[in-house]
Colleague: 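The structure follows.
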Amino acid sequence: MEEIGFLGLGIMGKAMSMNLLRHGFKLTVWNRTISRCDELVEHGATIGESPAAVIKKCKYTIAMLSDPAAALSVVFGEDGVLEQIGSGKGYIDMSTVDAETSLKINEAITSKGGSFLEAPVSGSKKPAEDGQLVILSAGEKALYEAVLPAFDVLGKKSFFLGQVGNGAKMKLVVNMIMGSMMNAFSEGLVLADKSGLNSQTLLDVLDLGAIANPMFKMKGPSMIGSSYSPAFPLKHQQKDMRLALALGDENSVPMPLAAAANEAFKKARSMGLGDLDFSAVCETIVSSGRSS
Ligand SMILES: NC(=O)C1=CN([C@@H]2O[C@H](COP(=O)(O)OP(=O)(O)OC[C@H]3O[C@@H](n4cnc5c(N)ncnc54)[C@H](OP(=O)(O)O)[C@@H]3O)[C@@H](O)[C@H]2O)C=CC1
Ligand SMILES: O=CC(=O)O
């Protein structure tokens with residue numbers, strides 16, 4: 001495949017671009033905080049001085065940015081994607097955003113003759129490092145097919161979900177469920193502890209039953225140790241709950257569990273936990289217990 005551009009080297013973008021380099025892809029990378037490109041350069045990447053410069057150089061460019069505001073700013077801002085996108089160039093946004101943001105970007109890019117694919121991912125830092133993401137793409141089918149060799153390295157499975165917006169919506173539904181589950185799990189861990197049960201035994205019991213799942217297995221031990229090194233930052237999970245609730249509003253779907261989970265993530269942000277892993281939402285319950 002030709003050289004790929006990569007915009008956004010946060011937790012996910014860094015892991016994904018390292019993985020592409022490891023598999024022999026040539027990359028030109030850009031990050032708003034440019035020093036974050038250094039490690040990628042040590043592993044063979046080239047730096048692009050702006051999103052526009054990356055687009056100019058590369059036929060295909062992937063973005064992995066924090067939220068709708070970041071995704072829009074990289075496309076529409078000064079020296080942004082729109083300045084160089086055009087016929088024969090493809091833009092693939094893998095950030096988790098809402099359908100409206102994705103549609104806006106699609107409209108701007110295709111009106112300049114470029115092609116667009118949204119491709120948010122399920123899976124966190126470790127799956128990104130290991131090429132085990134689940135890719136939820138939608139948009140231009142020809143672009144999807146052209147970038148499949150890269151998706152095959154980044155993920156264990158790629159879905160093509162049809163028109164732009166479907167990938168964003170699927171991702172938000174999945175993360176709405178995940179955020180609600182994380183809250184139920186947190187309440188269970190704290191309840192077990194406060195009522196005199198052994199937390200590790202609770203994990204063992206859960207793991208053998210019908211609600212065993214990789215998230216409980218992976219996050220449980222660190223949550224018991226109150227250790228929340230960020231794989232999926234809590235502020236991003238709260239953004240996803242907020243966007244999923246808006247999708248619920250649009251479709252008149254009552255989501256009382258998701259709304260309660262969103263409040264817990266907001267509380268965690270107000271406690272200064274936004275940059276920690278989303279499992280730190282557990283601390284909202286621990287601290288409630290302490291103050292009563
Ligand atoms: N971490 C995870 O487990 C997963 C995350 N996601 C989603 O992937 C996306 C990235 O997540 P993650 O890597 O964890 O997030 P990080 O917070 O680690 O990285 C965010 C990236 O966005 C950039 N950025 C933020 N604001 C702007 C802006 N205004 N203009 C340009 N660049 C900007 C940051 O640049 P800078 O370095 O300059 O701050 C950084 O490169 C999010 O949408 C998240 O919801 C999806 C699946 C899993
Ligand atoms: O968006 C987060 C994830 O783990 O998936």
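Worth saying up front: this structure is predicted, and the values here are computed from it rather than measured. All ligand and atom numbering here is 1-based and tracks the order in the structure.
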Colleague: I'd like to know whether ligand 1 has Gly123 as a neighbour, heavy-atom separation below 4.0 Å.
Modeller: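 For ligand 1, residue contact (heavy atoms, under 4.0 Å) with Gly123 is present.
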
Colleague: Using only atom types and a distance under 3.5 Å, with no angle test, would you say the side chain of Glu118 pairs donor to acceptor with the backbone of Ser102?
Modeller: no

Colleague: Between ligand 2 and His236, can you find any atom pair, the residue atom being a heavy atom, that is separated by under 4.0 Å?
Modeller: no

Colleague: Answer yes or no for Ala69: is there a heavy-atom contact with ligand 1 below 4.0 Å?
Modeller: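 Ala69: no contact with ligand 1 (<4.0 Å).
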
Colleague: Hey, are Asn262 and Gln238 close enough side-chain-wise for a donor-acceptor pair under 3.5 Å?
Modeller: yes

Colleague: Assess Lys171 for proximity to ligand 2: is some non-hydrogen atom of it under 4.0 Å away?
Modeller: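 It does; at least one heavy atom falls under 4.0 Å.
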
Colleague: Heavy atoms only: which of Arg36, Lys125, His236, Lys239 is nearest to atom 11 (O) of ligand 1?
Modeller: His236

Colleague: Does an N or O from Val74, backbone or side chain, lie closer than 3.5 Å to an N or O of ligand 1?
Modeller: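 N/O-N/O distance under 3.5 Å: no.
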
Colleague: At under 4.0 Å between heavy atoms, which part of Ser66 makes contact with ligand 1: side chain, backbone, both or neither?
Modeller: both

Colleague: Out of Gly123, Pro233, Gly179, Pro127, indicate the one that has the non-hydrogen atom closest to atom 3 (C) of ligand 2.
Modeller: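 Going through Gly123, Pro233, Gly179, Pro127 one by one, Gly123 has the nearest heavy atom to atom 3 (C) of ligand 2.
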
Colleague: Going by an N to O cut-off under 4.0 Å, is there a salt bridge joining Asp277 and Lys219?
Modeller: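 Salt bridge between Asp277 and Lys219, a charged N being under 4.0 Å from a carboxylate O: yes.
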
Colleague: Run down the list Val121, Val134, Thr96 and name the one with the heavy atom closest to atom 7 (C) of ligand 1.
Modeller: Thr96

Colleague: May I ask whether Asn175 places a heavy atom under 4.0 Å from ligand 2?
Modeller: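 It does, in that a heavy atom of Asn175 comes within the 4.0 Å cut-off of ligand 2.
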
Colleague: For the hydrophobic clusters of this structure (ILVMFWY residues joined by side-chain heavy atoms under 4.5 Å, transitively), does one cluster hold both Met170 and Met94?
Modeller: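 Hydrophobic grouping puts Met170 apart from Met94.
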
